[in-house]
Amino acid sequence: MLTLADLESKAPRTPIALLPTPLVEASNLARSIAPGQPVPRLLIKRDDLTGLAFGGNKTRKLEWLMGDALRKGAKAVITTGAAQSNHARQTAAAAAKLGLKAYLVLRPPVEGQGQGNLLIDELVGAKVILRDSKEQAEREIQVLAARLAAAGEPAYIIPVGGSTPIGAIGYTQAMIELREQYEALGIKPAALYFASSSGGTHGGLLVGARGGQVDGQIWGVTVEPNAGELREEIVRIANEETSLLGLDLAFTTDEILLEECASGPAYGMYTKDADEALRLAAKTEGLLLDPVYTAKALAGLMAHIREGRYRPDETVVFLHTGGTPALFAYADQLAHPR
Ligand SMILES: *Cc1c(COP(=O)(O)O)cnc(C)c1O
């Protein structure tokens, strides 16, 4: 059975996250999702509390990505994403902590978004470079990496979301951590739900569940209409990670569980279902979600609970992947969900 020591024997880890994150009861929220209907026990895994600069799921991936970067002698890291990228913010914070320079090649913010993650990027000392499209961003990354290498400041390039097989190890470790928490509570949850977007979290969790013999369904909730491509990406990441770890496991697209009902029309577009979920978590638990990822993920889980998929004697876990700084950048959309 897979352990943290097995992972650490295969790849260097730089501890920067506050682990283990808490696994907490959310009984008010559970009751409010479907009043008068039998609902499962609901627990929340608080990966919004991983530490650095407001935390989130990317910090777990960065423990392994930064381990790899330092091993390779990098003096800088370069990454990319949306203006309100949580991944870029956590990468910048990790770089600050480890004494590396961070370059973030981001898409320009919409008006009023010099807030939230973008504000934190500046505070932790990252250099932010704005480019209009993903293609332009990719070109800029290559140019920048070449310039830094020539200046004797080699950069480690981290793709969108930190979703490489190395980054995914962070979520294999998270599954091992969950297994220990489940054992301590004497529970065997029926399912785990979370926002799935660039595939690293999902792929890593699958490897951890299969390798660590943790039962229960693993449900990714999509945050944009991309389930087809995402399914392929998750399988690619999980399979490359298993070969990196030397595990005898293989995954296929037909076993990937993705719920698409809450994705809305586009990435970053706030929806009425997400709004209901975000406000319910806030009002019943004092728990803050974000408009781009976690509110949609909870909306997907709420739909399944309302369909009566789980019995009251079953436990369901919601993995809170973070993203809360985006709340402030989305203040206008929060007032007007579509
Ligand atoms: C990046 C992110 C996700 C999705 O994680 P992936 O590994 O990219 O699928 C979910 N929630 C939040 C808050 C994120 O920032």
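Each ligand, and each atom within it, is numbered from 1 in the order the structure gives.
Given atom 8 (O) of ligand 1, the protein heavy atom at minimum distance is Ser198 OG, 2.5 Å. Ranking the protein heavy atoms by distance from atom 5 (O) of ligand 1 puts Asn57 ND2, 3.0 Å first. Distance from atom 9 (O) of ligand 1 to its nearest protein heavy atom, with residue and atom name: Ser197 N, 2.7 Å.
Across all their heavy atoms, Tyr171 and Asp47 have their closest contact at OH-OD2, 2.6 Å. Taking both residues in full, the closest heavy atoms of Ile237 and Gly200 are given as CD1-N, 3.9 Å, listed atom of the first, atom of the second, then distance.
A heavy-atom distance below 4.5 Å is found between the side chains of Glu307 and His304.
Of all atoms in ligand 1, listed by their number and element, those nearer than 4.0 Å to a heavy atom of Gly323 are 13 (C). Near Ser196, meaning under 4.0 Å from one of its heavy atoms, ligand 1 places the atoms 9 (O). Shown in contact with Lys61 at under 4.0 Å from a heavy atom are these atoms of ligand 1, numbered in order with element: 6 (P), 7 (O), 8 (O). Each of the following atoms of ligand 1 lies closer than 4.0 Å to a heavy atom of Ser163: 7 (O). Within the listing of ligand 1, atoms 4 (C), 10 (C) sit less than 4.0 angstrom from a heavy atom of Ala195. Within the listing of ligand 1, atoms 13 (C), 14 (C), 15 (O) sit less than 4.0 angstrom from a heavy atom of Asn86.
Within a 6.0 Å sphere centred on CZ of Arg306, heavy atoms belonging to other residues, nucleotides or ligands number more than 12.
Comment: Glu255 engages Arg210 in a salt bridge, judged by a side-chain N to carboxylate O separation of less than 4.0 angstrom. Salt bridge Glu240/Arg236: present, at least one basic N to carboxylate O contact under 4.0 Å.
Leu258 pairs in a side-chain contact (heavy atoms from CB on, under 4.5 Å) with only one of the listed residues (Leu230, Asn226, Thr253), which is Leu230.
Below 3.5 Å of separation, one finds no N or O of Asp290 facing any N or O of ligand 1. Residue contacts with ligand 1: Thr201 is placed with a nitrogen or oxygen under 3.5 Å of a nitrogen or oxygen of the ligand (distance criterion only).
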Could you go step by step and tell me if Lys61 and Ser198 meet the side chain to side chain contact (heavy atoms under 4.5 Å, CB included) rule? CA-CA 12 Å; Lys61 299 179 185 179; Ser198 67; 4.2 Å; yes
Under the side chain to side chain contact (heavy atoms under 4.5 Å, CB included) criterion, do Arg46 and Leu23 qualify, and how do the steps go? CA-CA 6 Å; Arg46 297 291 305 272; Leu23 178 64; over 6 Å; no
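Within the 4.0 Å heavy-atom cutoff, Gly200 counts among the residues contacting ligand 1. Residue contacts with ligand 1 do not include Gly56, since none of its heavy atoms lies under 4.0 Å from the ligand.
For the residues Leu205, Val223, Thr321, Thr222, the heavy atom positioned nearest atom 10 (C) of ligand 1 is part of Thr321. Comparing heavy-atom distances from atom 15 (O) of ligand 1 across Glu233, Lys58, His87, Arg89 singles out Lys58 as nearest.
Relative orientation of the Phe194 and His202 rings is perpendicular, given thresholds of 30° and 60° on the angle between their planes.
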